[in-house]
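As the structure is a computational prediction, the values presented were derived from the model and not from experiment. Below, read A as the first sequence line, B as the second, and so on, with proteins coming before strands; counting in each chain starts at 1.
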Protein chains: 2
Amino acid sequence: MTRTPLDPRRPLTLRDVSEASGVSEMTVSRVLRNRGDVSDGTRAKVLEAAQRLGYVPNKIAGALASQRVNLVAVVIPSLSNLVFPDVLGGISEVLENTGLQPVVGVTKYSPQREESILYEMLSWRPSGVIVAGLEHTPAARSMLENAGIPIVEIMDSDGKGIDSVVGISHRRAGREMAAAIVAAGYKRIAFLGTKMPDDHRARKRLEGFVEGLAEAGLALVDSVFYSGGSGLLKGREITKAVLERHPDIDFLYYSNDMIGAGGLLWCLENGYDVPGKLGLAGFNGVDLLDGLPRKLATMDACRHEIGIRAAKIIAGCSQSGQIGGEVVELTPVLQPGDTIRTQ
Amino acid sequence: MTRTPLDPRRPLTLRDVSEASGVSEMTVSRVLRNRGDVSDGTRAKVLEAAQRLGYVPNKIAGALASQRVNLVAVVIPSLSNLVFPDVLGGISEVLENTGLQPVVGVTKYSPQREESILYEMLSWRPSGVIVAGLEHTPAARSMLENAGIPIVEIMDSDGKGIDSVVGISHRRAGREMAAAIVAAGYKRIAFLGTKMPDDHRARKRLEGFVEGLAEAGLALVDSVFYSGGSGLLKGREITKAVLERHPDIDFLYYSNDMIGAGGLLWCLENGYDVPGKLGLAGFNGVDLLDGLPRKLATMDACRHEIGIRAAKIIAGCSQSGQIGGEVVELTPVLQPGDTIRTQ
DNA sequence: TCGCATGATGTTATCGCTAACGCGGCAAGA
DNA sequence: TCTTGCCGCGTTAGCGATAACATCATGCGA
């Protein structure tokens, strides 16, 4: 049984365009891909026909035949974090001019979801994978290793990657923040962050922070691990809670800027002397929050730059056909703002 | 020429699994898709072999053969807007249990980019399209009309859709906000929003707002259209600017909560009597911002619900094989907060 | 005038998988 | 014992495009 040539609801194929323009399917294909020699007259005819019919090529068939897919899988934990949209911005900025297209998957910080999303995405045979973090399930790790395409793990450089890595050392970021706080003379320090066993970057920051304090002979006075969304309100609540428990605390280190901002607002309203008697710091360098009553101390996580560098690695590999193994460690910069007292 | 059966770098195919497990490719395919009758013994053998080899199915080939693609194209203007991640959340929540997978494209509010992203996405023959807004280029519109798959236009219900529509009336939202403001007795009112000719929803809100004022015999005293990012700082700047130009203004209507929040902070710091002498309102109902010194009046844009309803339409069509034409208009609710004075 | 590179097009054979159908064998009913 | 029907699995024929090669004019230098 061949197709019914008159069924108007049947999706268009190359054959329809070829018949409408009186040339072979191959020639139509060449025109639409701008590849190979086609005379100007033929090209015009074909383009006219394609446009008139409203033909949209079928990339599924194309990809199968050419064994080439212009997609890059991007796997991140969350979109509501303010952090990842910036990374994506950097990625698409670079990919835009390469013919590659990012496809985003969101894991919600679940290793299991990450595994299944990677499986799903790899089954489309993308040209590369950009995935947040170095920690994966064994199955996910082995899938990535055997995929035969460039893999870039981003955001974190504390650990061994599968192929390429672009990130910052969160451990070092934590340690440097600790150093700055200690240098400013704060002594009774608390940490406030999300209760997420699978947010390894926050964990490493905290570890580095604790190490940094230890080097100065200090230890955390208290820490709060909250669950639920990271909004201003949450920042207020946990700040209030921790300061009521330990009124003598003189520094609060938050795991992200949003809750830090909430904490800052609460402290100011309640008459705390910031940064004189109480210092505050967050993490990420979220510039949407510039414009708070006082500029919150934070550390830029190089989000945009990470996206750019990761995408460049993928784009480079996809051009050269080689696989990278590049490691890029970026350096986050402390932005002291107005919530750490100066010497 | 047949393949070289020993090349270890060749990607795995069904044939490899079938040889490794001693059954036909078809049976392997059945096992991996959980479709058709396979004995438990065979199933186990196949699964073992697939797992051992690390086989990942090739969906490209599968999709071509079955004429079925489990992808849903989602086309939105921006990810940094705080609004769209919420919509995406609703979408994936519903799609998660349907075997469908969302694929996101970002237009940056450019109709041209929207057109090319739609072209790109349609070329993968998705099961449906969810696209923000009712305004498209003629070419994009015609592509969508002829795609033969369910199309859901979201966020906006002020206008005629292509197929299904799920959204709110921004014009009405603007008008209702105007009514509330007028009812509270404010008279000298200004609007502050982004300068984006292609943000039709913001435009319609403003139009509705102006209409609403006109009904009460009022007109805008001033309006500011800024460009660049929407952060707290931007909110402060434009608020300062407009209040310096017209010190007698008694209400500021912002086109989004983020700049509204910046404006609120500025007003409080500068001793304005909010909401007594000066009222403020934003739009969106961004709950990350709950926890400001005063709760900003706003209107919930039903973002999450919109995502859910849109995804349900797509999922429904993909099950029934029919195409919808459903129109869902949700009703945004005014949240007066503490920045509109009560009677 | 011939030969041959070159440009413009068509032909053939996949790509990896699945729909649709086919075919033995075994159990239950006649 | 012989059907009948279903279960379990294999065979065949594409899906819609592209790679690679084949074909056929043309033109240009020798």
Enquirer: Between A/Thr98 (side chain) and A/Ala315 (backbone), is there a donor-acceptor pair under 3.5 Å?
Expert: no
Enquirer: Can you find a pair of side-chain heavy atoms, one from A/Val17 and one from A/Leu12, that are under 4.5 Å apart?
Expert: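 They are not in contact (no side-chain heavy atoms under 4.5 Å apart), so the answer is no.
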Enquirer: Among all residues two or more places apart in sequence or in another chain, which pass the salt bridge (charged side-chain N to carboxylate O under 4.0 Å, His left out) test with A/Arg113?
Expert: B/Glu96
Enquirer: Are any side-chain N or O atoms of B/Thr107 and backbone N or O atoms of B/Glu114, one a donor and one an acceptor, separated by less than 3.5 Å?
Expert: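 A pair under 3.5 Å: no.
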Enquirer: Within this structure, what is the CZ-to-P distance between B/Arg15 and D/dT12, rounded to whole angstrom?
Expert: 13 Å
Enquirer: Could you list all N or O pairs between the protein and nucleotides 23-27 of chain D that sit under 3.5 Å apart?
Expert:
none

Enquirer: Sequence neighbours excluded, which residues qualify as side-chain contact (heavy atoms from CB on, under 4.5 Å) partners of A/Ser80?
Expert: A/Ser78
Enquirer: Is A/Ser66 close enough to C/dC15 that one of its side-chain N or O atoms is under 4.0 Å from OP1 or OP2 there?
Expert: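 For C/dC15, OP1/OP2 do not have a side-chain N/O of A/Ser66 under 4.0 Å.
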Enquirer: By side chain to side chain donor-acceptor pair (under 3.5 Å), which residues pair with A/Thr42, not counting sequence neighbours?
Expert: A/Ser39
Enquirer: Which nucleotide in the set D/dA17, D/dC9, C/dT11 lies at the smallest distance from any side-chain heavy atom of A/Thr13?
Expert: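 For the A/Thr13 side chain, the nearest candidate turns out to be D/dA17.
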Enquirer: Estimate the overall bend of the helix from C/dT1-D/dA30 to C/dA30-D/dT1 from the end axes over five pairs each, rounded to 10 degrees.
Expert: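 Between the first-five-pair axis and the last-five-pair axis there is 40°.
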Enquirer: Among residues two or more places apart or on two chains, list those pairs meeting salt bridge (Lys or Arg N to Asp or Glu O under 4.0 Å) that have a residue in residues 36-58 of chain A.
Expert: A/Glu48-A/Arg52
Enquirer: Could you tell me how far apart A/Met26 (CE) and D/dC21 (P) are, to the nearest whole angstrom?
Expert: 13 Å
Enquirer: Which pairs with one or both residues in residues 304-320 of chain B pass salt bridge (Lys or Arg N to Asp or Glu O under 4.0 Å), sequence neighbours excluded?
Expert: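 Every pair satisfying salt bridge (Lys or Arg N to Asp or Glu O under 4.0 Å) with a residue in residues 304-320 of chain B: B/Glu305-B/Arg309.
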Enquirer: Near DNA chain C, under 4.0 Å by heavy atom, which residues of residues 120-129 of chain B?
Expert: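 None - not one residue of the stretch has a heavy atom sitting under 4.0 Å from the strand.
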Enquirer: At under 4.0 Å, does any side-chain N or O of A/Ser29 touch on OP1 or OP2 of D/dA17?
Expert: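 Answer is no, no contact under 4.0 Å.
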Enquirer: Compile the donor-acceptor pairs under 3.5 Å between side chains in residues 150-157 of chain B and protein atoms, sequence neighbours left out, one pair per line.
Expert:
from: B/Glu153; atom 1: OE1; to: B/Ile162; atom 2: N; distance (Å): 2.6
from: B/Glu153; atom 1: OE2; to: B/His136; atom 2: NE2; distance (Å): 2.8
from: B/Asp156; atom 1: OD1; to: B/Asp158; atom 2: N; distance (Å): 2.8
from: B/Asp156; atom 1: OD2; to: B/Lys204; atom 2: NZ; distance (Å): 2.5
from: B/Ser157; atom 1: OG; to: B/Ile168; atom 2: O; distance (Å): 3.3
from: B/Ser157; atom 1: OG; to: B/Ser169; atom 2: N; distance (Å): 3.3
from: B/Ser157; atom 1: OG; to: B/Glu329; atom 2: OE1; distance (Å): 3.4

Enquirer: Considering only D/dC15, C/dG16, D/dA19, which nucleotide approaches the side chain of A/Arg68 most closely?
Expert: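 For the A/Arg68 side chain, the nearest candidate turns out to be D/dA19.
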Enquirer: Would you give me the side-chain donor-acceptor pairs under 3.5 Å for residues 61-76 of chain A, sequence neighbours excluded?
Expert:
from: A/Ser66; atom 1: OG; to: A/Gly62; atom 2: O; distance (Å): 2.9
from: A/Ser66; atom 1: OG; to: A/Arg68; atom 2: N; distance (Å): 3.3
from: A/Asn70; atom 1: ND2; to: A/Gly99; atom 2: O; distance (Å): 3.2
from: A/Asn70; atom 1: ND2; to: B/Glu120; atom 2: OE2; distance (Å): 3.1

Enquirer: Name all residues meeting the side-chain contact (heavy atoms from CB on, under 4.5 Å) criterion together with B/Ala147; count only those two or more places apart in sequence or in a different chain, and write none if there are none.
Expert: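 Counting only residues at least two positions away or on another chain, B/Ala147 forms a side-chain contact (heavy atoms from CB on, under 4.5 Å) with B/Leu122, B/Ile149.
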Enquirer: Rounding to a whole Å, what distance do you find between A/Asp16:CG and D/dG16:P?
Expert: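 So the two atoms are 9 Å apart, to the nearest Å.
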Enquirer: Ignoring the backbone of B/Ala61, work out which of C/dT18, D/dA17, C/dG16 is nearest its side chain.
Expert: C/dG16
Enquirer: Does A/Gln67 have a side-chain nitrogen or oxygen under 4.0 Å from the phosphate oxygens OP1 or OP2 of C/dT14?
Expert: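 It does not, given that no N or O in the side chain of A/Gln67 lies less than 4.0 Å from OP1 or OP2 of C/dT14.
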Enquirer: Please work out which residues in residues 33-50 of chain A have a non-hydrogen atom less than 4.0 Å from an atom of DNA chain C and list them by number.
Expert: A/Asp37, A/Val38, A/Ser39, A/Thr42
Enquirer: Please tell me if B/Ser24 has a side-chain N or O lying less than 4.0 Å from either OP1 or OP2 of D/dG10.
Expert: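 Result: yes.
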Enquirer: For A/Ile60 and D/dC15, what is the distance between atoms CD1 and C1' respectively, to the nearest whole Å?
Expert: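 After rounding, the reported distance stands at 10 Å.
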Enquirer: Nearest to the side chain of B/Arg30, which nucleotide is it out of D/dA17, C/dT11, D/dC9?
Expert: D/dC9
